[in-house]
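What follows is a single structure, written as structure tokens, with notes after it.
For this chain, numbers begin at 1 and follow the sequence in order.
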Amino acid sequence: MNYKMLGRIVGMVLVLESVLMIPALLIACAEKNLRVIQGFGGAILIGLLVGSLLIYRSKQAKKKFYAKEGMVCVGLCWVAMGLVGALPFFLSGKIPNYMDAFFEIVSGLTTTGASVLSDVEALGKGLLFWRSFSHWIGGMGVLVFFLAIIPISGNNEGFTLHILRAESPGPSVNKMVPRMKQSAMILYIMYCVLTVLDIIFLLIGRMPVFDAFCIAFGTAGTGGFAVTNAGLAGYTIFAQNVTTVFMLLFGVNFGVYYLIILKNFIGIIQDEELRLYLTIVAGSILLITINVLGKTADTMTVGTSLQQAAFQVASIVTTTGFSTTDFDLWPSLSKSILMILMMVGACAGSTGGGLKVVRLLLLGKGIKRNSHQIFHNKEVQVIRFNGGRVGEQTMANVNSYFAAYVIIIVVSFLLVSADAGNFSLTTNFSAVMATFNNIGPGFDSVGATRNFAEYSVLSKGILSLDMLLGRLEIFPIFALFMPSTYQRK
């Protein structure tokens, strides 16, 4: 294990995180909020000191880097970012319990959007900006940004490849161009362009400038933190519809946008994951619209039902977590559809969480092949995706991920239920699903109009771990706790 290089990267990430706090500090200064200024000042100082010390102690680090270092590096960086990123909330006294502050910033960085706050507006604009900006930082991945702008590995493409694959969501990460550093830059350019377009359209929809930036950050990262206690319900229908569209756009594999740049429109049309993603979205919107309209025909028009269904489906399937209405009051069928969408998630290679559409597609193809071979055991069938052959190792990885996915949900649900026995089964299960799939709100006591504040420190710790496991796709966090990771071969 290359501990010096690990320390160097963690140190550089902490320095980068401290620099990224400066805009929020400047906003706090403009507000003349002394306690928040002190909170950011202390956090930035601690981040710079710890980061600089780690960099200094690893000056002679060797640049040999393998897959397990990539996994451990990503896991350590995200935990360290959470520990330091929570300090502005804690040191300012706005969230006096450090576990609550850690839960809040981990929810931000992992783009979950689950909160312990009942009055978000009391934070002030400086902390609100940092809270929403953390969505944007974590959406594409801070290490992807890090690799795109900072030359730390010379020509060692394996170095960047191991980190990018460990942090990026989905079964695999491939190069868009021959060099991984250039691929990371392309990803972030597309990410920035979509974010800017979102901000422009929100401003056209008469959303205040500060709110437009924060909501766009949450939309881009598929996060879900709002800056008002009313969520997105207080904005115009146009602004809500803009957010619906951009949530769906950020839930698409960014490789599709690269195909648009290359003008490979046939490749886009033939993309099986994209077709299934759009089918799931359209079908869910239609079913919920009919169901909600049928149950509440006296108060809901067809247009309102369609608009709210589209917004909430986009919010849940992309794991954003914004809300314009209390969907906990919807009929059981509609809530069941939303619960299923929590698991489905967005496309691989997007900023969304969840199981990912491509995994469901490959699991379905695997089931179909295995069922066929029961009756035709001498026939060899090849699984294909987008016209290419899917290797058996890829299928094994998908199956292993799904098994780990189910086990984590079951264990987390049991632990939270044992600790929080006063909550309903629906509350505890949806809390686990909402955090592990990086959704944000769940149902019942953790629904769209409620929060996670009433959970104990232990439960918040479990749910925080679930958020990290979900965002990093399980194995980088698992690697931190596996003895075999640290054994010398």
> Under the salt bridge (Lys or Arg N to Asp or Glu O under 4.0 Å) criterion, do Glu454 and Lys460 qualify, and how do the steps go?
Replying inline: CA-CA 9 Å; Glu454 295 181 21; Lys460 287 172 185 170; over 6 Å; no

>> I'd like to know whether Ser115 forms a side chain to side chain donor-acceptor pair (under 3.5 Å) with Asn451, so could you lay out the CA-CA distance, the side-chain angles of the two residues, the decisive distance to 0.1 Å, and finally the verdict.
In response: CA-CA 6 Å; Ser115 181; Asn451 58 64; over 6 Å; no

> Is the shortest distance from a Lys or Arg side-chain nitrogen in Glu473 or Arg359 to a carboxylate oxygen in the other one below 4.0 Å?
Replying inline: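 Judged by the 4.0 Å cut-off on N to carboxylate O distance, Glu473 and Arg359 do form a salt bridge.
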
>> Assess whether a salt bridge exists between Glu273 and Lys356, defined as any Lys/Arg side-chain N lying under 4.0 Å from an Asp/Glu carboxylate O.
In response: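 Not counted as a salt bridge, because no side-chain N and carboxylate O are separated by less than 4.0 Å.
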
Taking [X] for the side chain and [Y] for the main chain, is one N or O donor matched with an acceptor at less than 3.5 Å?
X	Y	answer
Ser315	Phe322	yes
Thr319	Gly353	yes
Thr427	Phe423	no
Trp130	Pro23	no
Thr394	Val390	no
Asn399	Met395	yes
Asn437	Gly345	no
Ser305	Thr301	yes
Thr112	Ala114	no
Thr219	Thr243	no

With the side chain counted from C-beta on, respond yes when [X] and [Y] share a heavy-atom pair under 4.5 Å apart, and no when they do not.
X	Y	value
Glu104	Leu117	yes
Pro331	Val292	yes
Thr195	Phe250	yes
Pro88	Leu127	yes
Trp330	Thr325	yes
Cys347	Val358	no
Met339	Phe443	yes
Arg131	Leu123	yes

>> For a side chain to side chain donor-acceptor pair (under 3.5 Å) check, start with the C-alpha distance between Ser424 and Thr426, then their side-chain angles and the critical distance, and finish with the verdict.
In response: CA-CA 5 Å; Ser424 68; Thr426 301; 4.7 Å; no

With rounding to the nearest 0.5 angstrom, report the [atom1] to [atom2] distance, [X] to [Y].
X	Y	atom1	atom2	value
Gln240	Gln307	CD	CD	5.0 Å
Asn428	Asp444	CG	CG	9.5 Å
Ile474	Ser400	CD1	OG	10.0 Å
Ile439	Thr111	CD1	OG1	9.5 Å
Asn291	Ser334	CG	OG	3.5 Å
Met467	Ile462	CE	CD1	12.0 Å

> What is the ring orientation for Phe90 with Tyr98, classed by angle as parallel under 30°, tilted 30 to 60°, or perpendicular over 60°?
Replying inline: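 It falls in the perpendicular class, over 60°.
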
>> Consider ring pair (Phe, Tyr, Trp, His ring centres under 6.0 Å). Of Phe225, Phe40, Phe217, Trp136, which one does Phe129 pass it with?
In response: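 For Phe129, the ring pair (Phe, Tyr, Trp, His ring centres under 6.0 Å) test succeeds with only one of Phe225, Phe40, Phe217, Trp136, which is Phe217.
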
Do you know which two heavy atoms are closest between [X] and [Y], and how far apart they sit?
X	Y	result
Leu14	Met81	CD2-N, 4.3 Å
Gly352	Ala346	CA-CB, 4.0 Å
Gly75	Leu472	CA-CD1, 4.2 Å
Ala43	Leu87	CB-CB, 3.6 Å
Ala309	Thr289	CB-OG1, 3.4 Å
Thr318	Thr222	O-CB, 3.3 Å

Within a reach of under 6.0 Å around [atom1] of [X], are more than 12 heavy atoms found that belong to other residues, nucleotides or ligands?
X	atom1	value
Phe413	CZ	yes
Glu121	CD	yes
Phe402	CZ	no

>> Ser412 vs Asp466, test: side chain to side chain donor-acceptor pair (under 3.5 Å). Steps then yes/no.
In response: CA-CA 8 Å; Ser412 298; Asp466 282 344; 2.9 Å; yes

> Does one side chain, of Asp211 or Tyr235, offer a donor that lies under 3.5 Å from an acceptor on the other?
Replying inline: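 Yes, a side-chain donor-acceptor pair sits under 3.5 Å.
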
>> Quick check: Phe436 with Tyr405 (ring centres under 6.0 Å apart)?
In response: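 Ring centroids of Tyr405 and Phe436 are less than 6.0 Å from each other.
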
> Is Lys125 close enough and on-axis enough to Phe210, meaning under 6.0 Å and within 45°, for cation-pi?
Replying inline: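 Yes; both conditions hold, so Lys125 lies above the ring face of Phe210.
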
> Do Gln312 and Ser323 pass the side chain to side chain contact (heavy atoms under 4.5 Å, CB included) test, and can you show the C-alpha distance, the side-chain angles, and the key distance before you say yes or no?
Replying inline: CA-CA 6 Å; Gln312 220 53 67; Ser323 60; 4.0 Å; yes

>> Determine whether Leu287 and Leu333 satisfy the following criterion, side chain to side chain contact (heavy atoms under 4.5 Å, CB included), listing intermediate values before the conclusion.
In response: CA-CA 9 Å; Leu287 287 174; Leu333 175 60; 5.5 Å; no

>> If the test is side-chain contact (heavy atoms from CB on, under 4.5 Å), which one of Leu76, Val79, Val50 qualifies with Val10?
In response: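 Answer after filtering Leu76, Val79, Val50: Leu76.
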
> Where do Asp100 and Phe89 land on the side chain to side chain contact (heavy atoms under 4.5 Å, CB included) test, with the steps shown first?
Replying inline: CA-CA 9 Å; Asp100 284 353; Phe89 299 105; over 6 Å; no

> Given the rule in the side chain to side chain contact (heavy atoms under 4.5 Å, CB included) test, do Phe246 and Leu249 qualify, once you have shown the distances and angles that lead to the verdict?
Replying inline: CA-CA 5 Å; Phe246 275 93; Leu249 289 175; 4.0 Å; yes

